[in-house]
Amino acid sequence: MPELPEVETVRKGLENLVEKAVIQEVEIFWERIITGSRVGESFKKALVGEQLQQIRRRGKFLLLDFDRYTLISHLRMEGKYEVVPTDEPLKLHTHVVFHLKDGRDIRYLDVRKFGRMELVLLGQEETVAGIQRLGPEPFADVFLLEPFQAKLSRIKKAVKPALLDQNLVTGLGNIYVDEALFQAGIHPLRPGNSLTFNEAAVLHQSIIEVLGKAIQAGGTTIRTYLNALGESGNFQQDLKVYGQTGEPCIRCGNPIQKTKVAQRGTHFCAHCQKLTEENVLPVM
DNA sequence: CTGTTCTCCTGTAAGC
DNA sequence: TGCTTACAGGAGAACA
């Protein structure tokens with residue numbers, strides 16, 4: 001599942017391959033991938049003749065800047081891009097194809113069809129609600145402790161779903177949220193407002209470190225798909241709790257446990273991440 | 001406004 | 001062996 005580090009890896013890979021490429025034609029095989037006011041023919045028509053100038057990223061959204069438009073792309077669970085010669089046969093689950101003037105295609109594949117694309121006027125991504133509500137990028141220069149702590153202190157729900165909201169900080173998904181909470185020694189079910197200032201500070205630092213290291217590693221590759229961009233990371237070898245159910249905790253040796261929090265598989269060490277009695281949330 | 005549940009999708013694995 | 005069910009989860013919609 002692409003989270004911020006994986007999306008950043010895709011961004012770099014795509015930009016290196018297709019910067020300055022010009023779109024000749026667009027084909028859509030699953031209409032629901034495209035949302036917003038420019039869908040179907042209007043989406044295709046707008047992009048014909050457009051040259052890709054740069055690719056930016058905001059949270060887990062890719063922002064492809066053309067001459068007059070910005071294509072906002074979210075990979076959600078399993079979306080991926082590949083750049084291949086136009087004459088190469090389409091793989092299963094190919095939903096959108098951007099034919100380029102140089103004889104190649106940018107192809108969007110997505111087994112689950114959860115990913116979305118939206119075309120807005122150049123640089124107008126802030127008009128999209130999903131981007132407007134994003135918190136700061138998880139970097140030390142913009143993700144500041146004081147506002148994080150202040151917001152967290154007003155959140156009654158569990159800290160894990162709070163961090164997955166993308167509003168406190170953007171970029172965490174199910175893998176890195178478990179890793180950051182483990183590194184900070186905080187139980188995923190602790191209510192946001194139950195964290196002490198010191199705990200919030202440690203969590204803040206853990207989020208910056210975990211995502212920073214994952215970006216350096218090129219993200220986490222759990223299933224490898226040859227030729228797809230962003231599937232070559234190696235952070236999977238640095239995972240301390242995600243997918244480590246039953247394995248000994250690197251800190252205390254007790255087995256890593258798996259449970260469900262807010263409908264999501266959640267990995268943690270019951271010894272290192274304590275949920276004290278008074279912090280127990282009502283059964284959902 | 002806050003918090004929770006449902007929905008979208010298909011491949012894979014577990015269960016009977 | 002073959003059919004059914006559970007599970008994987010990001011984000012937006014729907015709802016209390």
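Letters go in sequence order (proteins before strands), and every chain restarts at 1. Every heavy atom of this structure was used, including side-chain atoms; hydrogens, water molecules and symmetry mates were not.
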Measure the distance from [atom1] on [X] to [atom2] on [N] and round it to the nearest whole Å.
{"X": "A/Asp165", "N": "B/dT4", "atom1": "CG", "atom2": "C1'", "answer": "11 Å"}
{"X": "A/Gln263", "N": "B/dC6", "atom1": "CD", "atom2": "C1'", "answer": "9 Å"}
{"X": "A/Leu163", "N": "B/dG3", "atom1": "CG", "atom2": "P", "answer": "13 Å"}
{"X": "A/Lys151", "N": "B/dT2", "atom1": "NZ", "atom2": "P", "answer": "11 Å"}
{"X": "A/Lys157", "N": "B/dC1", "atom1": "NZ", "atom2": "C1'", "answer": "12 Å"}
{"X": "A/Leu172", "N": "C/dA11", "atom1": "CG", "atom2": "P", "answer": "10 Å"}
{"X": "A/Ile72", "N": "C/dA11", "atom1": "CD1", "atom2": "P", "answer": "14 Å"}
{"X": "A/Arg58", "N": "C/dA11", "atom1": "CZ", "atom2": "C1'", "answer": "15 Å"}

- Run the salt-bridge test on A/Glu78 and A/Lys113 with the 4.0 Å N-O cut-off and return the result as yes or no. no
- Task: Decide, yes or no, whether a salt bridge links A/Arg107 with A/Glu88 under the criterion of side-chain N to carboxylate O below 4.0 Å.
- Result: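 A salt bridge is absent here (no side-chain N lies under 4.0 Å from a carboxylate O).
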- Could you tell me whether the side chains of A/Lys160 and A/Asn174 share a donor-acceptor contact shorter than 3.5 Å? yes
- Query: Do A/Asp65 and A/Gln53 meet the criterion of a side-chain donor-acceptor pair at a distance under 3.5 Å?
  - Reply: no
- Consider the side chain of A/Arg133, meaning its heavy atoms from C-beta on, and name the nucleotide among B/dT4, C/dA8, C/dG12 that approaches it most closely. C/dG12
- Task: Hey, can you tell me if A/Trp30 and A/His95 have their rings parallel, tilted or perpendicular (30° and 60° cut-offs)?
- Result: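 Judged by the thresholds at 30° and 60°, the geometry between A/Trp30 and A/His95 is tilted.
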- For the residue pair A/Phe61 and A/His74, categorise the inter-ring angle as parallel (less than 30°), tilted (30 to 60°) or perpendicular (more than 60°).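 Rings of A/Phe61 and A/His74: perpendicular, over 60°.
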Just to be sure I understand the rule, does [X] reach a base, reach only the sugar-phosphate, or reach nothing, if contact means heavy atoms closer than 4.0 Å?
{"X": "A/Gly115", "result": "nothing"}
{"X": "A/Tyr242", "result": "sugar-phosphate"}
{"X": "A/Ile155", "result": "sugar-phosphate"}

- Task: May I ask you to decide if A/Tyr108's main-chain N or O and A/Glu82's side chain share a donor-acceptor pair within less than 3.5 Å?
- Result: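 Between the backbone of A/Tyr108 and the side chain of A/Glu82 there is no qualifying donor-acceptor contact (under 3.5 Å).
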- Query: A/His204 side chain to A/Phe143 main-chain N or O, any donor-acceptor pair under 3.5 Å?
  - Reply: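 Yes.
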Return no unless some side-chain N or O of [X] is found under 4.0 Å from OP1 or OP2 of [N].
{"X": "A/Gln166", "N": "C/dA11", "value": "yes"}
{"X": "A/Arg264", "N": "C/dC7", "value": "no"}
{"X": "A/Lys60", "N": "C/dA11", "value": "yes"}

- Tell me the stems DNA chain C sits in, counting at least three consecutive Watson-Crick or G-U wobble pairs, each under 3.5 Å on both distances.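 As far as DNA chain C goes, consecutive pairing (with distances under 3.5 Å) yields the stems B:2-8 with C:10-16, B:10-16 with C:2-8.
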- Message: Could you go through A/Lys12 and A/Ile215, starting from their C-alpha distance and side-chain angles, then the distance that decides it, and tell me whether this counts as side chain to side chain contact (heavy atoms under 4.5 Å, CB included)?
- Response: CA-CA 11 Å; A/Lys12 289 175 190 157; A/Ile215 291 170; 4.3 Å; yes
- Item | Sub-4.5 Å side-chain heavy-atom contact between A/Arg190 and A/Glu199 |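 A side-chain contact under 4.5 Å exists here.
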Could I get a table of every N or O pair under 3.5 Å where one atom is in the protein and the other is in nucleotides 7-11 of chain B?
from	atom 1	to	atom 2	distance (Å)
B/dC9	OP1	A/Arg32	NE	3.3
B/dC9	OP1	A/Arg32	NH1	3.2
B/dC9	OP2	A/Arg32	NH1	3.4
B/dC9	O4'	A/Arg112	O	3.2
B/dC9	O2	A/Arg112	NE	2.4
B/dT10	OP1	A/Lys113	NZ	2.6
B/dG11	OP1	A/His93	NE2	3.2

- Query: Quantified in whole Å, what is the P atom distance between nucleotide B/dC9 and nucleotide C/dA13?
  - Reply: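 Approximately 15 Å lies between the P atom of B/dC9 and that of C/dA13.
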